[in-house]
Amino acid sequence: MDRNRLWVIGSVLVMALILTGGWVVGIQPQLGAIADADVQRAAVDQTNARNLRVLEQLKKDSADLPKLKSRLAELAASVPDGSSIPTFTDQLNALYTSSHVICVDQAFADAVAYKPVVPAAAAPAAPSGSSTPAPTATPTPTPAVPTAAPAGVPPVANALITSQNFAAQPVTITVRGQYADILNFVNGLQTGPRLFLVTALSTAPTTGTDAAPGSLDGKIAGYIYSLTAPAAASVSGTGAPSSSGSTAEASK
């Protein structure tokens, strides 16, 4: 009886050892592999979801590509690479005709490098302290009354636009015609394909004997702008492009 009991106890211990070894050797690694696979699957699902959002955005951008290309072409015509004077001259010739004015003169000065906008310096603070300096024999001049800073929209600056890649070219145009036609011409300058900033406008009666009644000579001054290559935008101490850079720009 004792011998049979020992066999039963030994069998139970062997079965327990077999089950424990099977768990350690076979089942536990499989469960660990399943858990690792679940973590990897979750990471892959997140990556797929992120890629799907990117794909949807790319599809949307692709649908808008013709519109973006059209906008890019407009911007490239507004501020081209190089001066593009022949193209701008063609624009002026068409504008003379459509505005019913006569070109008396048009002149293009050398381009100047863009000067980044510098924020206005703050007014110096009044010195603190209650001590009063002793008066001197020299009469004290009357201090000038400071003027208030002009109100308005603050200038907008962009770090991507520098004196190395952006230039402004002064342009002066004189046209002859009726006052309304001159205004139409100025409006066409400001709304045409090429960006044009009008800085001055003056009119005077035409002195020629063959001029139509009520004819005026209108003089318009302003700037056109262009992108420049870094090598062509080297500037001298006065801020104007060097002669070689200006020649290179004018030849474009």
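Contact annotation: the side chain of I85 approaches that of I224 to within less than 4.5 Å [non-hydrogen atoms, C-beta and beyond]. Taking the side chain as every heavy atom from C-beta outward, H100 and N184 never approach each other to under 4.5 Å. At least one side-chain heavy atom of K219 sits less than 4.5 Å from a side-chain heavy atom of T172.
Here CD of Q178 is found 15.5 Å from CZ of F185. Values are rounded to the nearest 0.5 Å. Atom CG of L95 is separated from atom OG of S98 by 4.5 Å, given to the nearest 0.5 angstrom. Between K60 atom NZ and D64 atom CG the span is 7.0 Å, to the nearest 0.5 Å. A distance of 4.5 Å separates CG of L92 from CD1 of I173, quoted to the nearest 0.5 Å. To the nearest 0.5 Å, atoms OG1 (T89) and CD (Q106) are separated by 5.5 Å. Atom CD of Q91 sits about 11.0 Å away from atom OG of S84, to the nearest 0.5 Å.
By the criterion of side-chain heavy atoms lying less than 4.5 angstrom apart, applied directly or through intervening Ile, Leu, Val, Met, Phe, Trp or Tyr residues, Y179 is grouped together with Y96 in one hydrophobic cluster. Note on I102: it does not cluster hydrophobically with I220, by side-chain heavy-atom contacts below 4.5 Å among ILVMFWY residues. Follow the hydrophobic side-chain contacts under 4.5 Å out from L197 and you never reach L75; the two are in separate clusters. In this structure, L183 is not a member of the same hydrophobic cluster as V104, with clusters built from ILVMFWY side-chain heavy atoms closer than 4.5 Å. Tracing side-chain contacts under 4.5 Å through hydrophobic residues (I, L, V, M, F, W, Y), one reaches I161 starting from Y223; they form part of the same cluster.
Side-chain contact annotation: T206 with D217, donor-acceptor N/O pair under 3.5 Å present.
The aromatic rings of F88 and F108 lie perpendicular to each other, with more than 60° between the two planes, well past the 30° mark. Between F166 and Y225, the ring-plane angle classifies as parallel under the 30° and 60° cut-offs.
Between Q169 and S83 the shortest heavy-atom distance is OE1-CB, 3.7 Å. Contact between A111 and A167 at its shortest, heavy atoms only, is CB-CB, 4.4 Å. What you find for S226 and G82 is that their closest heavy atoms are CB-O, 3.1 Å. When every heavy atom of P170 is checked against every heavy atom of D110, the shortest pair comes out as CD-O, 3.4 Å. Pairing each heavy atom of S62 with each of P66, the nearest pair is O-CD, 3.9 Å.
N48 places a side-chain N or O within 3.5 Å of a backbone atom of V44 that can act as its donor or acceptor partner. Side-chain atoms of N165 come within 3.5 Å of backbone atoms of T162 as a donor-acceptor pair (strictly under, hydrogens ignored).
Salt bridge status for R53 with E56: absent, with no side-chain N to carboxylate O gap under 4.0 Å. At a threshold of 4.0 Å, the pair R41-D45 counts as salt-bridged, since one of the basic side-chain nitrogens sits closer than that to a carboxylate oxygen.
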*Would you check, one step at a time, whether the test side-chain hydrogen bond (donor to acceptor under 3.5 Å, both in side chains) holds for Q40 with D36?*
CA-CA 6 Å; Q40 294 178 3; D36 291 341; over 6 Å; no
